[in-house]
Amino acid sequence: MLRLELHNLHPERVGEYGFDLGAALGDHAHQLQAARDALWSRKADPAEFLGWIDVPEDTETLREILRYREANDWVEELVVLGIGGSALGAQAVNAALGRGPVRLHFVDNVEPEPIAQLLRTLEPGKTLVNVISKSGSTAETMAAFLAFRKWLEDALGDAWKKHVVVTTDPAKGILRPYAKSEGLAAFDIPPAVGGRFSVTCPVGTLPSAFVGVDLENLLAGARKANHTARDALEQNLPAQTALIQYLAAAQGLNITVFMPYSTRLRFLPDWFVQLHDESLGKMLDRQGREVRSGTTAVRAIGTTDQHAQVQLFREGPHDKLITLVRLEHPSEDLEIPAVKGLEGLDYLFGKSFFHLLTAEAKATAHALAKAGQPNYTILLEKLDAYHLGWLLQHLMWQTAFLGELWNINAFDQPGVELGKEYTYALMGRKGYEKLAAELKSEGVE
Ligand SMILES: O=P(O)(O)OC[C@H]1O[C@H](O)[C@H](O)[C@@H](O)[C@@H]1O
């Protein structure tokens, strides 16, 4: 079960206690129903990049992934080479549910020291390298692949090929033909699935299979989110959270904080930040009019950031909507023991850590509300594969709904292209000489 608890979310007057979600849904019923129907009807068109809706239905690919994992029981270290959507989902799932025995390493930057350190410490014979890139051309990922491929070949000769598995578009980019010509194992990223929406396809499932995540249930949870996203508005959780986000933005709350009360969910905010910011921060709407849509997603972890950011969240500018994520049941609990001589702490004696964690989350939500800081909590029955799959897919739906409400394309990212081209020019890539000269004249070289 995934459900919502609202705190101080009045759509008109921030600061007034209580938010009538039912009334807001009524007021915006037409818009939300149109958004829901548009998303479901456009799904069949690959150009709309809504392939992520159907991915959790694809149990055949999941079976292939599980067969590949079983056939490679020699793997002790799995290095994921990928960035953005090709890394953040697997990283979040692994931190939440990974239980070994394989150790996962993510190379999602080109800072030389951590890469050199990995190459020094890992044993090639026990290492599998999963290079993940939808486009098959991202500079960071390709640079890392060149280094790891050479490292494997230097140590293992021709056997390096058994130590690489490629996850990429079935047709586009240079990785696919390369995998084919070298006879490397390869999995597809469906063409209609963008990187930040790819966690339930092999981008997320292959690394997760190596750390024992219950993938059948992860996908079952994602399918549950699909059902919810098709429901009437009163039951349609992503339409509801999207509406809250939309109304908050309309009131000038330009920041959306995402704050799970869980260390195991510590990478979920990173995944959410890419999903939200890259999908929704757009200069133009679907008709090409300048809109500059979006709110800025900010990462936080409870309780940790109660001791770092909550001061600002309560007393700083009223420019934020805060989403807390809280578990209703722990997977394991621990009693806080009584200690003689420390009776000043007797309010903790005999209570459980989960009790304390829950009290802190509730206390923070209420303290924020009292300060007029709107927030809501997404409650997860527990942290297992089913509920995590549900939450991930819920957040993808929320993003898609917001894209519709703002009338923008949530599935492209034109704003990141120019930086890439400048990088190519600065790195001396063929065909970029003119741009390099232009940059030089502007003082960048
Ligand atoms: O999977 P790739 O094609 O290598 O892309 C990796 C990432 O880089 C790009 O710059 C995009 O902005 C991201 O949306 C994407 O997830």
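When a ligand or atom number is given, it counts from 1 through the structure's own listing order.
- For atom 6 (C) of ligand 1, the closest non-hydrogen atom on the protein side is Ile83 O, 3.2 Å.
- Ranking the protein heavy atoms by distance from atom 14 (O) of ligand 1 puts Glu278 OE1, 2.6 Å first.
- In this structure, a donor-acceptor pair under 3.5 Å is absent between the side chains of Glu360 and Thr303.
- Those atoms of ligand 1 that come under 4.0 Å of a heavy atom in Ser133, given as number and element, are 1 (O), 2 (P), 3 (O), 4 (O).
- Comment: Glu77 does not engage Lys126 in a salt bridge, judged by the lack of any side-chain N to carboxylate O separation of less than 4.0 angstrom.
- With a 6.0 Å cutoff to the six-membered ring centre and a 45° limit on the axis angle, Arg196 does not count as a cation-pi contact of Trp271.
- Ranking protein heavy atoms by distance to atom 16 (O) of ligand 1, first place goes to Gly85 N, 2.8 Å.
- The closest approach between a heavy atom of Lys420 and any atom of ligand 1 is below 4.0 Å.
- A side-chain contact (heavy atoms from CB on, under 4.5 Å) with Phe401 holds for exactly one of Gln31, Gln240, Arg36, Gln245; it is Arg36.
- Selection from Gln413, Gln274, Arg196, Lys134 by nearest heavy atom to atom 15 (C) of ligand 1 gives Gln274.
- Near Ser135, with a cut-off below 4.0 Å to any heavy atom, the atoms of ligand 1 are 2 (P), 3 (O), 4 (O).
- Side chain of His28 to backbone of Ala24: a donor-acceptor contact under 3.5 angstrom is found.
- Closest heavy-atom approach to atom 2 (P) of ligand 1 among the candidates Thr138, Leu81, Val203: Thr138.
- Salt bridge present: Asp188 and Arg176 bring a charged side-chain N and a carboxylate O closer than 4.0 Å.
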